[in-house]
2 protein chains.
Amino acid sequence: MEKNDTSPGERYTPVTETRFYTFGDAKNPFVLTSGKTLFPITIAYETYGDPKNKHRAILVLHALTGDAHAAGYTREETEKAREEGREPKPGWWHTMIGPGKPIDTDTFFVICSNVLGGCRGTTGPSSIDPASGRPYGSLFPAITLRDMVNAQARLMDFLGIEKIFCIIGGSMGGIQALEWAISRPDRVRSVIPIACTVRHSAQNIAFYEVGRHAITSDLGYDGGDYYESEGPHRGLAMARMMAHITYMSEKSLQERFARRLQIHEASPEDEDFPQFQVNSYLMHQGSSFVDRFDANSYIVITRALDYYDISADFEDDLSQAFSGVDAEFLVISFSSDWHYPSRDSKTIVNALRANDIDVTYSDISTDWGHDSFLIKEVIDGKLGPLVHSFLNNLDRELADANHA
Amino acid sequence: MEKNDTSPGERYTPVTETRFYTFGDAKNPFVLTSGKTLFPITIAYETYGDPKNKHRAILVLHALTGDAHAAGYTREETEKAREEGREPKPGWWHTMIGPGKPIDTDTFFVICSNVLGGCRGTTGPSSIDPASGRPYGSLFPAITLRDMVNAQARLMDFLGIEKIFCIIGGSMGGIQALEWAISRPDRVRSVIPIACTVRHSAQNIAFYEVGRHAITSDLGYDGGDYYESEGPHRGLAMARMMAHITYMSEKSLQERFARRLQIHEASPEDEDFPQFQVNSYLMHQGSSFVDRFDANSYIVITRALDYYDISADFEDDLSQAFSGVDAEFLVISFSSDWHYPSRDSKTIVNALRANDIDVTYSDISTDWGHDSFLIKEVIDGKLGPLVHSFLNNLDRELADANHA
């Protein structure tokens with residue numbers, strides 16, 4: 001990470017830079033769960049902290065619509081913000097990651113990469129297929145969460161990190177963290193899965209199916225090969241708006257748009273009656289999403305999520321699935337989360353304990369629903385301190401073990 | 001109701017017939033809550049049982065996408081079914097209403113009408129505006145739940161029913177039943193609101209807003225004046241699919257499409273991977289809905305629902321809102337309903353009891369979610385008997401009172 005720039009006005013630090021690692025060719029292709037191959041693969045990633053602390057490496061895994069830019073400020077965003085006369089927007093977990101923050105970059109070396117299938121620098125449907133010179137589009141192969149983890153493992157190899165001190169992620173990031181622990185027990189020292197699940201419920205799948213249908217039935221979808229036109233932006237916005245409701249609790253929805261106030265302001269005579277505040281909030285969510293996310297990536301990644309079943313290879317026995325795991329766990333859920341409810345985390349905890357795995361579990365009481373792990377109030381309040389002390393305790397344990 | 005036709009093969013009875021009542025003109029227009037006028041109004045309705053039992057009239061109110069055809073078989077449907085070689089489909093509450101059924105048409109005179117703003121025979125956006133000779137479309141005025149009730153009251157006047165023995169409905173039907181009790185306490189003897197609420201939650205509004213947005217952003221919407229083209233069928237199907245998920249519980253979703261089975265059948269290599277069973281179920285829900293429901297009606301009615309707030313005129317005091325009510329109540333909720341959760345019904349019960357109103361409350365344990373009131377297993381199990389005994393006890397009380 002760059003040193004703080006102390007020029008006047010240069011207040012936005014740390015400055016971060018997305019880097020790229022490319023691997024795979026015809027001789028050594030990347031093989032997917034399906035048996036198909038995909039190469040070359042480019043992974044976009046950022047690191048924070050001193051590489052000297054590689055033995056204390058923390059791999060951060062993002063959720064469905066996240067990216068590699070987890071913390072700090074990119075030069076590009078800082079420039080753009082200056083031009084537009086506003087504050088630059090930092091990485092998605094800036095409150096969690098940084099010097100002196102819960103994931104302390106003075107102590108740990110932190111890595112975050114964009115998932116395979118994504119559209120934020122890593123190879124995905126919108127990436128150019130070197131074979132054709134055009135975006136993969138409809139030709140991008142189906143991938144699984146295991147494929148995402150396999151690609152991350154290649155990045156870890158490249159960075160020279162054999163044993164990862166901690167793997168942490170919320171939502172889809174938490175599910176990937178579980179897959180890491182199961183598939184590569186020798187490489188994982190500890191895991192912090194936050195607000196996650198072991199498989200999608202029928203309701204999860206139903207909502208994402210409708211979302212995908214909204215995209216594929218948009219006249220702009222063009223079978224997935226839409227990169228030379230406007231694309232299925234209406235359908236994508238719709239999918240996002242609907243999914244977003246599932247990530248919020250009733251209380252957070254009410255907080256955002258005081259229903260009552262709006263009703264009393266509107267009345268049946270109004271032309272745009274009734275213009276609910278939730279309307280403008282959701283419309284904004286939809287349109288800003290379309291600007292930054294690719295529809296095909298949304299389809300590819302949500303399919304991987306819907307398909308994933310952690311105990312599928314273990315005859316549906318979750319305890320069996322965790323039997324080879326060799327890491328310490330801090331499992332966290334949020335009381336108002338109805339997308340991946342607390343009981344899903346409890347299931348994980350029970351299956352881990354059935355294998356005598358050291359697991360700490362906390363169901364954090366919040367009103368913010370599934371997205372709580374991104375909320376500053378929650379991070380500053382309960383989530384950050386929990387994570388911080390878990391990491392530091394483990395670090396101390398290992399230091400003691402090494403000196404013993 | 002017609003007598004059973006005993007010709008061979010004529011097994012589908014009772015035969016019912018939708019009738020129409022038209023009222024309102026320039027001199028005596030129907031005045032909406034907004035102050036605007038709408039005339040003439042046609043109300044489509046059906047009646048079951050003997051008109052001699054008008055003093056035991058039961059008004060059945062349908063939900064969002066229901067219609068006047070609550071029970072029995074229309075000739076049209078019976079003919080069509082014969083041609084297609086299948087069983088004819090009866091009214092939406094055929095299991096509840098009929099001779100010897102929970103709402104016994106041998107004892108009671110039952111009426112069901114299509115709501116104002118609907119598209120199943122009653123005046124709505126798809127109806128012809130006599131002034132222009134074309135469908136109202138975008139010119140149809142905004143209406144409220146109170147307007148729906150006011151129109152129903154006109155029908156009751158026409159049928160010569162002053163005091164209604166019981167007003168019963170599920171979901172939106174239940175909300176209208178509450179509005180009846182509040183706005184016309186002198187005309188209502190008893191009320192059975194099932195799986196309803198006193199106002200939409202922010203989550204309810206958010207989902208319906210996304211649904212309306214799906215419709216209005218469909219290129220076929222054409223500002224609401226689409227009757228000469230294919231209309232916004234994609235958006236309407238999307239709205240329906242999404243709403244339908246909210247009416248189902250996790251368990252009923254799983255029952256309908258065994259998630260696991262589907263996953264193990266599919267694999268990443270499949271072209272249409274993964275083709276979840278929920279996909280075909282929801283797609284069917286969407287497409288069959290588009291065949292029978294008008295997009296503008298969906299917008300008009302869901303807006304009326306979202307706008308409705310039972311205690312808005314009572315400074316948000318629900319007990320105050322019920323203070324003029326003079327009826328006996330049977331309030332029913334379903335344990336797995338997350339669209340209008342049981343706590344909403346509990347709120348109603350508490351506010352009624354605060355006014356010393358005679359109220360029986362039952363939270364029926366079911367796995368079928370919000371739509372439980374339509375499920376045969378639930379009607380045959382708990383719902384039917386509860387309603388049946390409530391109606392019969394009240395009937396007996398009144399008979400005793402009359403003889404005393």
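Every chain is numbered from 1, with letters handed out A, B, ... down the list of sequences. Since the structure is predicted, the reported quantities are computational estimates derived from the model, not experimental observations.
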Practice problem: Using modelled atom types only, decide if a donor and an acceptor are shared between the side chain of Ser287(B) and the backbone of Met283(B) within a distance under 3.5 Å. | Solution: yes
| task | Examine distances only and state if a side-chain atom of Thr122(B) and a backbone atom of Gly118(B) form a donor-acceptor pair shorter than 3.5 Å. | result | no
In terms of heavy-atom pairs under 4.5 Å with chain B, the winner among Glu250(A), Met238(A), Met242(A) is Glu250(A)
Next on the checklist: Can you confirm if the aromatic rings of His200(A) and Tyr208(A) lie within a centre distance of less than 6.0 Å?
Outcome noted: yes
Residues of residues 334-344 of chain A with a heavy atom under 4.5 Å from any heavy atom of chain B, in residue-number order, are Trp338(A)
**Prompt:** Heavy-atom distance under 4.5 Å between the side chains of Val210(A) and Leu282(B), does that happen here?
**Reply:** yes
Just so I know, are the side chains of Trp368(A) and Tyr247(A) near enough to count as touching, which here means a heavy-atom distance under 4.5 Å? no
Aromatic plane relationship, Tyr281(B) with His244(B) - under 30° parallel, 30 to 60° tilted, over 60° perpendicular
tilted
What orientation do Tyr136(A) and Phe140(A) show, parallel under 30°, tilted 30 to 60°, or perpendicular over 60°? perpendicular
Honestly, the part of Leu32(B) sitting under 4.5 Å from a heavy atom of chain A is neither
